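Just so you know, these numbers come straight off a predicted model, no measurement behind them. These numbers come from the heavy atoms of this one structure, side chains and all, not from hydrogens, waters or symmetry mates.
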Amino acid sequence: MMRSVFLIGFMGSGKSTIGRMLAEPLGLPYIDLDQYLEQQQGQSVPALFERLGEAAFRALEREALHTLAAGPPAVVATGGGAPCHFDNMAFMKSVGKTLYLKASPEELALRLKPELGNRPLLEGQTKQSLPGFIADMLAKRASFYDQADIVVLTDGQTKQDVVRRCLLFLKGSRT
Ligand code: S3P
């Protein structure tokens, strides 16, 4: 049976969109880790950050990851920071396949500009400061993201192309 697939990558890299599109051809249910947390906690991610602070949010995120991994296999779109805290990356690799949707800081800045104001980690950023902020954060996170079993580059690709490439790699690496 197919194991779970964990989509990882920076905010705005397309994890939720691509995850939803992958679920059907893989014959797996789709789960969004942030949405799961929001339903479980009865609050939005920005509200959880605000109320609990980042450290407590990360602890909840880790717990949710373990709960989901104990259930049936699924395509799981994780939050952008999930692989970068605790031993989450090693854990996801041990229970499933990790797939990094890799986009350049320039592409991410374009996609995230309209999101300024909705994302707790982008608080205080402006259209001018965003590209540099993303580049710095991506540099800090690269050592986690780069541990993924599969890396798919997304710059200049259509969603359909990205999905096709993901499926090719996932099916090729199925054991
Ligand atoms: C975060 C990414 C968000 C969400 C939270 C923190 C991050 O998820 O989990 O705001 O640390 O990069 P998305 O990557 O789905 O936007």
Side-chain angles (χ1 to χ4, degrees), residues 1-41 45 48-49 54-105 107-108 111 119 121 134-155 157 159 161-175:
M1 189 175 41
M2 185 96 198
R3 295 198 300 161
S4 285
V5 176
F6 295 94
L7 292 180
I8 67 166
F10 207 80
M11 288 173 272
S13 60
K15 300 177 298 278
S16 309
T17 307
I18 302 298
R20 261 186 230 107
M21 292 169 79
L22 283 174
E24 202 201 305
L26 291 174
L28 295 175
Y30 167 75
I31 302 173
D32 183 296
L33 186 62
D34 280 340
Q35 250 173 36
Y36 174 86
L37 270 171
E38 289 181 337
Q39 278 162 12
Q40 189 201 44
Q41 298 295 316
V45 168
L48 288 170
F49 257 74
E54 180 169 355
F57 174 82
R58 297 300 175 194
L60 282 177
E61 184 176 55
R62 175 180 180 278
E63 205 179 292
L65 205 52
H66 282 249
T67 307
L68 291 178
V75 174
V76 182
T78 64
C84 316
H85 292 87
F86 309 107
D87 61 348
N88 291 349
M89 191 62 195
F91 174 70
M92 289 188 279
K93 282 167 69 85
S94 73
V95 294
K97 286 272 167 211
T98 47
L99 193 159
Y100 174 25
L101 292 177
K102 185 170 185 172
S104 66
E107 178 75 31
L108 291 168
R111 294 196 205 156
R119 309 259 185 171
L121 289 186
I134 292 173
D136 287 350
M137 196 164 200
L138 201 53
K140 285 189 198 123
R141 291 181 168 185
S143 67
F144 296 97
Y145 292 156
D146 287 339
Q147 292 173 39
D149 300 301
I150 299 164
V151 179
V152 173
L153 304 177
T154 64
D155 280 20
Q157 305 285 319
K159 286 174 209 164
D161 283 337
V162 172
V163 167
R164 218 171 290 131
R165 309 250 312 278
C166 290
L167 289 174
L168 212 66
F169 283 121
L170 285 167
K171 290 186 172 163
S173 70
R174 197 193 298 207
T175 45

Query raised in the report: Looking at side-chain heavy atoms only, is the closest gap between T78 and E61 below 4.5 Å?
Result: no

**Report entry** Spatial distance of atom CD (Q41) from atom CG (L48) [nearest 0.5 Å]
**Finding:** 6.0 Å

Report summary line: When every non-hydrogen atom of P72 is compared with those of S4, the smallest separation belongs to O-OG, 4.4 Å

Query raised in the report: Out of curiosity, K159 NZ to T154 OG1, how far, rounded to the nearest 0.5 Å?
Result: 12.0 Å

**Report entry** Flag, side chain of N88 to backbone of A82, donor-acceptor distance under 3.5 Å
**Finding:** yes

Requested in this report: Taking all non-hydrogen atoms of both residues into account, name the closest pair between S104 and D155 and its distance.
Outcome: OG-OD2, 2.6 Å

Query - Atom CD of Q40: over 12 foreign heavy atoms under 6.0 Å - result: yes

Report task. Spell out, as yes or no, whether a donor-acceptor pair under 3.5 Å connects the side chain of S13 to the backbone of K102. Result -> no

**Report entry** Sidechain-backbone polar pair: Y145 side chain, G80 backbone, donor-acceptor under 3.5 Å
**Finding:** yes

Query raised in the report: Listed by chain and number, what are the side chain to side chain contact (heavy atoms under 4.5 Å, CB included) partners of F144, not counting sequence neighbours?
Result: C84, Q147

Report summary line: side-chain contact (heavy atoms from CB on, under 4.5 Å) test vs Y100 passes for just one of L7, I150, I8, L153, namely I8

Report task. State whether the side chain of D32 and the backbone N or O of Q35 hold a donor-acceptor pair below 3.5 Å, judged by distance alone. Result -> yes

Query raised in the report: Going from CD1 on I134 to CG on L108, what distance comes out if it is rounded to the nearest 0.5 angstrom?
Result: 5.5 Å

Query raised in the report: Hey, does V152 have a side-chain heavy atom less than 4.5 Å from the side chain of Q157?
Result: no

Query - Pairwise side-chain contact, F10 with M137, heavy-atom cut-off 4.5 Å (strictly under) - result: yes

Report summary line: Applied to residues 11-35, the ring pair (Phe, Tyr, Trp, His ring centres under 6.0 Å) test, sequence neighbours excluded, yields none

Report summary line: dist L26:CG -> E24:CD (nearest 0.5 Å) comes out at 10.0 Å

Requested in this report: Step by step, work out the side-chain contact (heavy atoms from CB on, under 4.5 Å) result for V76 and Y36.
Outcome: CA-CA 10 Å; V76 182; Y36 174 86; over 6 Å; no

Requested in this report: Measure the spacing between CD of E63 and CG of L68 and express it to the nearest 0.5 Å.
Outcome: 11.0 Å

Report task. Specify the closest pair of heavy atoms between G79 and L33, including all atoms of both residues, with the distance to one decimal. Result -> N-CD2, 4.2 Å

Query raised in the report: When you look at V162 and T17, which way does the side-chain contact (heavy atoms from CB on, under 4.5 Å) test go after all the steps?
Result: CA-CA 11 Å; V162 172; T17 307; over 6 Å; no

Query raised in the report: What are the two closest heavy atoms between P73 and P29, and how far apart are they?
Result: O-CD, 3.3 Å

Query raised in the report: With side chains defined as the heavy atoms from C-beta onward, is the minimum distance between K15 and D34 less than 4.5 Å?
Result: no

Query raised in the report: L138 and A103: which non-hydrogen atoms are nearest, and at how many Å?
Result: CD2-O, 3.9 Å

Report task. Without swapping roles, check the side chain of T98 against the backbone of F6 for a donor-acceptor pair under 3.5 Å. Result -> no

Query - Non-hydrogen side-chain atoms of M92 and M89 separated by less than 4.5 Å - result: yes

Query raised in the report: Just by modelled atom types, is the D149 backbone N or O under 3.5 Å from a matching donor or acceptor in the K97 side chain?
Result: no

Query raised in the report: Where does the angle between the aromatic ring planes of F57 and F49 fall among parallel (under 30°), tilted (30 to 60°) and perpendicular (over 60°)?
Result: tilted

Requested in this report: Answer yes or no: is there a side-chain heavy-atom contact under 4.5 Å between R3 and V95?
Outcome: no

Query raised in the report: To the nearest 0.5 Å, what is the distance between OG1 (T67) and CZ (R62)?
Result: 10.0 Å

Requested in this report: Kindly give the heavy-atom pair with the smallest separation between C166 and I18, and that separation in Å.
Outcome: SG-CG2, 4.2 Å

